[in-house]
Amino acid sequence: MEGSADTEAPLLPLALSSFHISEEFGFLLPEPLVGAGCASPSACAGKEGLTELPAPYSPWMDIAHELPQLITSHQLRSRVHQMPQLSPQQLRGREELHLAHLVLSFITMGYVWQEGEEGPVQVLPRNLAVPFWEVSQALGLPPILSHADFVLANWRRKDPNGPLEMENLDTIITLPGGESLRGFILVTLLVEKAAVPGIKAIPRALGATLQGDEESLHRALQELAGAIEAMRVALRRMHDYVDPDVFYSVIRIFLSGWKDNPAMAHGLIYEGVSGEALAFSGGSAAQSTVLHAFDELLGICHRHDCAAFLLRMREYMPPAHRAFVEQIRGALSPRRLVLSSGDARLCAAFNRCVSALAELRSYHITIVTKYIAVAAAKAKARRAELSEAGPAAGKAPSALEDKGTGGSHIFSFLKSIRDTTREGMIRA
């Protein structure tokens, strides 16, 4: 089993490839087939990415491909108990490791939440817990479903030569939730894709700042602002593809973790790994490297409690992506050059970035209101009628009504980071 490459940050100028960031796909994982027989993304053009693990791991893949049916028929736990304990030692390269982590994380979430929030397990069995832990250690990721699994690694193109657009995309592994789950994953993926020009602008902005090149910094900031605005446009498509009731009542529990979650207040024992229960946060948009990188570049400072939560969410990023954010944090801030230049045009470009980021966060609040707050109120009204039904029949979870799946107090958190983003504007 091969772990990830050395992620020690190089000196500026930043080379995106040093941080496992693709010029074409940004933070999306993995770059199709790189590390699995292709020397570069261009050498892999027209070829499909890895969607199946090697034959020895077919017991994992067989279960993963049947997850929605196994969960809704309440048979997943018994299937997992019959699964052989496999060693990850035959996995080769980051791509196979990321796919294994994706598969094992989805199986784990299904296993834990098969019976809804009223029937979570206390122990993850050894035959699942040990290989999941070992794959996680090799990748530097926690042993739970994260944004890196759910979105970044969970995509394929139907036509390998076709565009990275909704009509040509599909997920690799899924859970209950049908087309709404597929839409939720792929719209989020398209938001990540929209960020790519902004990601590519970061090294240019930092290099221009070091060199005192105001014109180059202006161009980089314009590219960044355009990317953030495109992210908000992409996020609007959530309304077209995701049903709020399905998201809240069916999908959301499978993104929930066992840290800061009343339904699993004592955490989860990973049998064969630790005798004590471990606590990990569920999947969260706060685990996306994109906004962390943009915050650091623009010098956005969040309030202590929010900043502490965001810092903890970095532990759920691939280590190379986390190193990229830290490298930006340690670099000379473009804000300084903007302030020292006294150039109104440069200041306006900087403020356009900050304003676009605040607007994106405001729109995220709109989405969360529709898909969590309003959907929770509807589910609460129906709960008495559905008290006999299981999670697949629509009995909505209630433990995280006012929290995100990552464990944050969702509205106070989102409004706080939106407001502190606005405070990052440079005033005349």
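Y241 has its side chain out of reach of F184: every pair of non-hydrogen atoms, C-beta onward, lies at least 4.5 Å apart. Here the side chains of P125 and Y111 are in contact, with some heavy-atom distance below 4.5 Å. The shortest side-chain heavy-atom distance between H239 and K370 falls under the 4.5 Å cut-off. Using a 4.5 Å heavy-atom cutoff, the side chains of F413 and L310 are in contact. Put simply, the side chain of L164 reaches to within 4.5 Å of the side chain of W155, judged on heavy atoms. Two residues are said to be in side-chain contact when any heavy atoms from C-beta on lie closer than 4.5 Å; Q90 and P54 fail this criterion. At a threshold of 4.5 Å between non-hydrogen side-chain atoms, the residues Y363 and M238 do not count as touching. P203 is listed as a side-chain neighbour of L16, based on a closest heavy-atom distance under 4.5 Å.
Few gaps surround CD on E423; more than 12 heavy atoms of other groups in view lie less than 6.0 Å from it. Counting heavy atoms of neighbouring residues, nucleotides and ligands inside a 6.0 Å radius, atom CZ of R236 exceeds 12 of them. Within a 6.0 Å radius of CZ in R303, more than 12 heavy atoms belonging to other residues, nucleotides or ligands are found.
The CD1 atom of I107 lies 10.0 Å from the CG atom of L175; values are rounded to the nearest 0.5 Å. To the nearest 0.5 Å, atom CG of residue L255 and atom CD1 of residue I144 are 10.0 Å apart. Taking CD1 of I21 as the reference point, atom CZ of F27 lies at 4.0 Å (rounded to 0.5 Å). Taking CZ of R79 as the start and CD1 of I63 as the end, the distance is 5.0 Å to the nearest 0.5 Å. To the nearest 0.5 Å, the span separating OG1 on T174 from CD1 on I185 amounts to 5.5 Å. Summarising the geometry, atom OG belonging to S281 is positioned 3.5 Å from atom CZ belonging to R312; distances are rounded to the nearest 0.5 Å.
For the 3.5 Å distance criterion, the side chains of T421 and R361 qualify, holding a donor opposite an acceptor. There is a side-chain donor-acceptor pair under 3.5 Å between R418 and S362. Defined by atom type and a distance below 3.5 Å, a donor-acceptor pair is missing between the side-chain atoms of H321 and Q287. Looking at H101 and S136, their side chains do bring a donor and an acceptor atom within 3.5 Å of each other. A side-chain donor from one of S146 and D149 sits under 3.5 Å from a side-chain acceptor of the other.
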Original post:
Do L291 and L360 pass the side-chain contact (heavy atoms from CB on, under 4.5 Å) test, and can you show the C-alpha distance, the side-chain angles, and the key distance before you say yes or no?
Top reply: CA-CA 10 Å; L291 296 185; L360 175 61; 3.9 Å; yes

**OP:** Check the pair L217, F350 against side-chain contact (heavy atoms from CB on, under 4.5 Å), reporting the backbone distance first and the verdict last.
**Re:** CA-CA 9 Å; L217 178 57; F350 183 91; over 6 Å; no

**OP:** Take F280 and L268, measure what side-chain contact (heavy atoms from CB on, under 4.5 Å) needs, and give me the verdict at the end.
**Re:** CA-CA 9 Å; F280 296 101; L268 181 69; over 6 Å; no

Subject >> Test salt bridge (Lys or Arg N to Asp or Glu O under 4.0 Å) applied to R232 and E229, step by step >> reply: CA-CA 5 Å; R232 182 158 60 98; E229 289 160 3; over 6 Å; no

Subject >> Candidate pair Q122 and I269, rule side-chain contact (heavy atoms from CB on, under 4.5 Å), full reasoning >> reply: CA-CA 6 Å; Q122 305 297 317; I269 293 173; 5.7 Å; no

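Here the closest heavy-atom approach between residue W113 and residue P120 is recorded as CZ3-CB, 3.9 Å. The nearest pair of heavy atoms linking V121 to M264 is O-CE, 3.5 Å. Closest non-hydrogen pair, A331 versus L206, comes out as CB-CD2, 3.9 Å.
Although no hydrogens or angles enter the test, the distance criterion places a donor-acceptor pair under 3.5 Å between the side chain of N351 and the main chain of I426. Side-chain atoms of E296 do not come within 3.5 Å of backbone N or O of R329 as any donor-acceptor pair. W133 contributes no side-chain N or O that, together with a main-chain N or O of Y270, makes up a donor-acceptor pair within less than 3.5 Å. At distances below 3.5 Å, at least one donor-acceptor pair connects side-chain atoms of Q114 with backbone N or O atoms of R77. With R322 contributing its side chain and R314 its backbone, the two residues share a donor-acceptor pair below 3.5 Å. At least one donor-acceptor pair under 3.5 Å links the side chain of N127 to the backbone N or O of V80. Of the possible donor and acceptor atoms, one in the side chain of S180 sits under 3.5 Å from a partner among the backbone N and O of D243. Remark: side-chain polar atoms of R335 are paired, donor with acceptor, to backbone N or O of G424 under 3.5 angstrom. Side-chain N or O atoms of S416 include none that pairs as donor or acceptor with a backbone N or O of S412 at under 3.5 Å. No side-chain donor-acceptor contact under 3.5 Å links S249 to the backbone of V246.
K193 has a carboxylate O that lies under 4.0 Å from a charged side-chain N of E165, or vice versa, which qualifies the two as a salt bridge. A salt bridge does not link K259 with E315: every distance from a Lys NZ or Arg NE/NH1/NH2 to an Asp or Glu carboxylate oxygen is 4.0 Å or more.
Below 30°, between 30° and 60°, or above 60°: for F247 and Y371 the angle between ring planes is above 60°, a perpendicular geometry. The aromatic rings of F150 and F106 lie parallel to each other, their planes meeting at an angle below 30°, with 60° marking the opposite boundary.
Here the rule is salt bridge (charged side-chain N to carboxylate O under 4.0 Å, His left out) with E223, and of R204, R352, K200 only R204 fits it.
If you look at H292 and F324, their ring centroids are not closer than 6.0 Å.
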